[in-house]
Amino acid sequence: MKKVYLFKIKSLLIGIALFALGVSSCKDDMPEDSLYTYQAEMLSDFLRNNNNFSQFARIVEKAGKMDLFSAYGTYTCFAPTNDAVSTYLAGLGKSSVEELSNEECDTLVCTMTIASKTMSLTDFEGFTFIEENNMLGRALKLQEVPMTIDTEYGKQAVSTFIVNGSGQVIYELANDSVENGIVHPVSGVVRASSDLLPDVIRRDPTLKIFAQALVLTGLYNQIVRREDASYNYHDYEEMQGKYHSDNHDNYCWVPRTRRYGYTAFCVPDDVLNHYSEYEDVDYDKNIYTWEDLYDYACTVYPEGKGQGYYGKSTSALQDERNPLHKLIAYHLLDRLGVYEKLYTNCTILKDIINPTEWYSTMNPHSTMKVECVYPDNDFHNKGVDKTAQNGVVYLNHMYDPKRPGLYERGAIVSKDVVEEMINYQSCVNGIYYYIDRLIDYGQDTRDHVFNTRMRMDLYTFWPELMNNDIRTTETHLTKAACPTESDDWNSKCKSYIFPQGYLDNVESTADGDFIYQGCRNYYWSYEGDEFNLRSDQGLYDMTFQLPSVPTGQYQIRLGFALIPSRGIGQFYVDGKPQGIPLDMRSTGWQAKTGWQKLYTGDDNDTYTPTAEQNKKDLHNQGWYHGPAGIRCIHGEGNPDSQLKKSNSTPFCNIMNTIRRVIYTGPLDGDKTHSVRIRSVWSEGGAELMFDYIEIVPKSVYGIDTEGAGEDDL
């Protein structure tokens, strides 16, 4: 699908060839100004030299961006034709670009330009949103448009794309390369939206009931923040630099922005109007009004009936304990959840298990399960839901073949809204999706969906990572892709260091550095990324909040990688010290604990003769093998490799990838619990690693009522 103007290339090659043949013999005979000199065409030259883009060129000039486009960089520009600009101006009642303010021009240019990567049409295939944000820091929405073209080999099926519901890439002109980027001419101006998430939901005619409930509960006003205006990364630039970790250097940046974001999972009216008709729904009424939705909410959240907040008055509905308030708030996340970033496949072998994340919702003390379901593995109820497709996201789905009594279908997240709704979904501070069932945190959900081992990647604890594009969706990054210098900003494997106060619900000492290391599928990290706590002074102390889980008895485990350069830290839960300090160094650890690999090979099929006994021995010491369903690619990564058994090793066969029990005891589902880590030994800048947390109910880490012990996955 890659296209450039061939006549330009041919002319250039001919010119270079003639020049090469003649330069040595003719140089002395030719005047200096007759010598051919190749000058690369920059994005600015492309706009100036093509008459069909003269109006957009003028917009770029008024925006003050032409000098920027003359410099070396990596731009992807959706350049509107003159006809597209004229149509856009006419819609505003204007006849000339000169009638636009400089600020308006700047918004248009920044909307239509990505300044971090060159991306061809093939890079857009399969995505709902372009992976890289535009120069306004916003995701551009894609709608694929299939088409057929004539080639010398006959007709060929191809695709172009509509961007933000307003600008269709002209396929015949797409992928035009310039020295500092790539240009995709569009037949309509790609428009930015200044609407907030609650505004676009209210404007969607298919969501009248959900939108009205959003307003009545007061949640409408709780999803309006856009950016922390007080944050300026220049204030923290001195924190940036190389940081040594495990015999290699990483360059760490401070985040460029501190934006807020939200995700709403909305149930369309058409689904609610037929709610009693679904076999998997235990409710005998259809829902036509917000009052009907309130009545449904009362069946899910009966707690508090008779209290003042349990009613339909304005004050009651806006109380976070009200059943309708709880129901709607549970459908909201305080993070921008672009579909492809709701989960990751980086180190998760989807042939064996489903990629799963756990997110705190805007209903206090509640958590949502987000699972990308692959029907080819065992964690899908093939006998019930036969229509599921690979890679479909479910909310609060539960199926375990060893515990079939816990089955819950959950809700399917629609990746695409219908064509006429494209414009309604775009906004500046969030995104919404259609889901085909209501979801909740009622007793049935807590008993079934959360009656499982909850493996939580640390990145899901803090919305700031998703809201500010700190985590990538790349799944096979090589070691060479991880930058060690500040000029590698465009790398997809960036590491970050967080200023004090950047992450909500985190308290740490000023002399400790909290670092995020980007995804690498060859390393011993769950989902490829990890957090490190370090200090040149050797002192650090950090406390963070845990996601809520239903009231009960639990184990809390920390997953991390043992290496010689780690430190030793004391763990606390809710302020109380837990056991002796945890030594994260690998030196002598295997001999001390007696660790052995679980499988004879890397196929997860055959136990070693001593595996069962070794598991028991480790459990008695508070250790668990690494998960068998999590794997790392052999070597230092291959950008063309997809994770599979033949090219990877399961964590349970790697001594360094281990889980440590840091707490066993009760957790109260109505309270906020915290974990604190304090260094007790950190010579030479030794770091502590935070990779993932497992919160495991006793029904799982013991033997549950159905007789199934915990699996190795």
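Remember, it's a predicted structure, so these values are computed and weren't measured experimentally.
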Are [X] and [Y] close enough that some pair of their side-chain heavy atoms sits under 4.5 Å apart?
| X | Y | value |
| --- | --- | --- |
| Tyr359 | Met466 | yes |
| Leu89 | Gln55 | yes |
| Glu357 | Thr344 | yes |
| Leu47 | Phe56 | yes |
| Ser414 | Tyr433 | no |
| Trp462 | Ile470 | no |
| Ile201 | Cys266 | yes |
| Glu464 | Tyr502 | yes |

Show the nearest heavy-atom pair for residues [X] and [Y], with the distance to one decimal.
| X | Y | result |
| --- | --- | --- |
| Leu121 | Ala174 | CD1-CB, 3.7 Å |
| Thr263 | Arg335 | OG1-O, 2.6 Å |
| Cys519 | Cys346 | CB-SG, 4.3 Å |
| Val178 | Glu41 | CB-O, 3.4 Å |
| Asn180 | Ala71 | ND2-O, 2.8 Å |
| Pro80 | Val189 | CB-CG2, 4.0 Å |

Spatial distance of atom [atom1] ([X]) from atom [atom2] ([Y]) [nearest 0.5 Å]:
| X | Y | atom1 | atom2 | answer |
| --- | --- | --- | --- | --- |
| His397 | Cys372 | NE2 | SG | 11.0 Å |
| Leu395 | Leu342 | CG | CG | 8.5 Å |
| Ser120 | Asn175 | OG | CG | 5.0 Å |
| Arg437 | Tyr394 | CZ | OH | 10.0 Å |
| Leu643 | Ile633 | CG | CD1 | 5.0 Å |
| Leu43 | Leu68 | CG | CG | 9.0 Å |

Does [X] reach the main-chain N or O of [Y] with its side chain, forming a donor-acceptor pair under 3.5 Å?
| X | Y | value |
| --- | --- | --- |
| Asn429 | Leu197 | yes |
| Asn82 | Ser54 | yes |
| Asn521 | Gly528 | no |
| Lys62 | Leu100 | yes |
| Lys141 | Gly165 | no |
| Asn354 | Tyr374 | yes |
| Asp176 | Val183 | no |
| Tyr339 | Val393 | yes |
| Thr76 | Met119 | yes |
| Gln240 | Val254 | yes |

Any donor-acceptor N or O pair under 3.5 Å, side chains [X], [Y]:
| X | Y | answer |
| --- | --- | --- |
| Glu144 | Ser159 | yes |
| Asn250 | Gln517 | yes |
| Gln168 | Thr160 | no |
| Ser166 | Arg191 | no |
| Ser116 | Tyr75 | no |
| Asp457 | Tyr343 | no |

Side-chain ion pair, [X] and [Y], N-O less than 4.0 Å:
| X | Y | value |
| --- | --- | --- |
| Glu227 | Arg258 | no |
| Asp469 | Lys341 | yes |
| Asp351 | Lys644 | no |

Begin with the C-alpha distance, continue with both residues' side-chain angles, and end with the deciding distance and a verdict on side chain to side chain contact (heavy atoms under 4.5 Å, CB included) for Val145 and Phe161.
CA-CA 5 Å; Val145 180; Phe161 297 86; over 6 Å; no
Check: salt bridge (charged side-chain N to carboxylate O under 4.0 Å, His left out) between Arg225 and Asp334: does it pass, once the steps are laid out?
Finding: CA-CA 10 Å; Arg225 294 192 301 176; Asp334 61 349; over 6 Å; no
So that I know where these two stand, are His331 and Phe265 an aromatic pair - ring centroids less than 6.0 Å apart?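 No, the ring of His331 stays outside the 6.0 Å limit from the ring of Phe265, centre to centre.
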Legend entry - Distance flag, aromatic centroids of Phe53 and Phe46, threshold under 6.0 Å: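 Between Phe46 and Phe53, the centre distance is under 6.0 Å.
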| message | Would Ile182 and His184 count as a side chain to side chain contact (heavy atoms under 4.5 Å, CB included) here? Give the steps. | response | CA-CA 7 Å; Ile182 193 167; His184 298 300; 4.2 Å; yes
Cation-pi, Tyr220 ring and Arg202 (6.0 angstrom, 45 degrees)
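Yes.
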Determine, stepwise, if the pair Tyr516 / Asp529 fulfils side chain to side chain contact (heavy atoms under 4.5 Å, CB included).
CA-CA 7 Å; Tyr516 170 82; Asp529 50 11; 2.8 Å; yes
Which residue is it: Asn468, Asn133, Asn232? I am looking for the one with a side chain to side chain donor-acceptor pair (under 3.5 Å) to Thr257.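 One option only clears the test, and that one is Asn468.
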(Q) Suppose the criterion is salt bridge (charged side-chain N to carboxylate O under 4.0 Å, His left out): which pairs have a residue in residues 152-168, not counting sequence neighbours? (A)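 As it turns out, the salt bridge (charged side-chain N to carboxylate O under 4.0 Å, His left out) pairs with a partner in residues 152-168, which skip direct neighbours, are Asp150-Lys155.
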Open item on the list: Applying salt bridge (charged side-chain N to carboxylate O under 4.0 Å, His left out) as the test, list every pair that has at least one member in residues 77-99; sequence neighbours left out.
Closed with: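 Non-adjacent pairs meeting salt bridge (charged side-chain N to carboxylate O under 4.0 Å, His left out): Arg58-Glu98.
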| query | Stepwise, does the side chain to side chain contact (heavy atoms under 4.5 Å, CB included) test hold for Trp358 with Val370? | reply | CA-CA 6 Å; Trp358 304 82; Val370 177; over 6 Å; no
Note to self: Between Tyr523 and Thr347, does the side chain to side chain donor-acceptor pair (under 3.5 Å) criterion hold? Intermediate values first, please.
What the structure shows: CA-CA 9 Å; Tyr523 195 61; Thr347 61; over 6 Å; no
**Request:** Using the side chain to side chain donor-acceptor pair (under 3.5 Å) rule, take Tyr432 and Asp204 through it: C-alpha gap first, then chi angles, then the decisive distance, then the call.
**Result:** CA-CA 11 Å; Tyr432 74 89; Asp204 187 336; 2.6 Å; yes
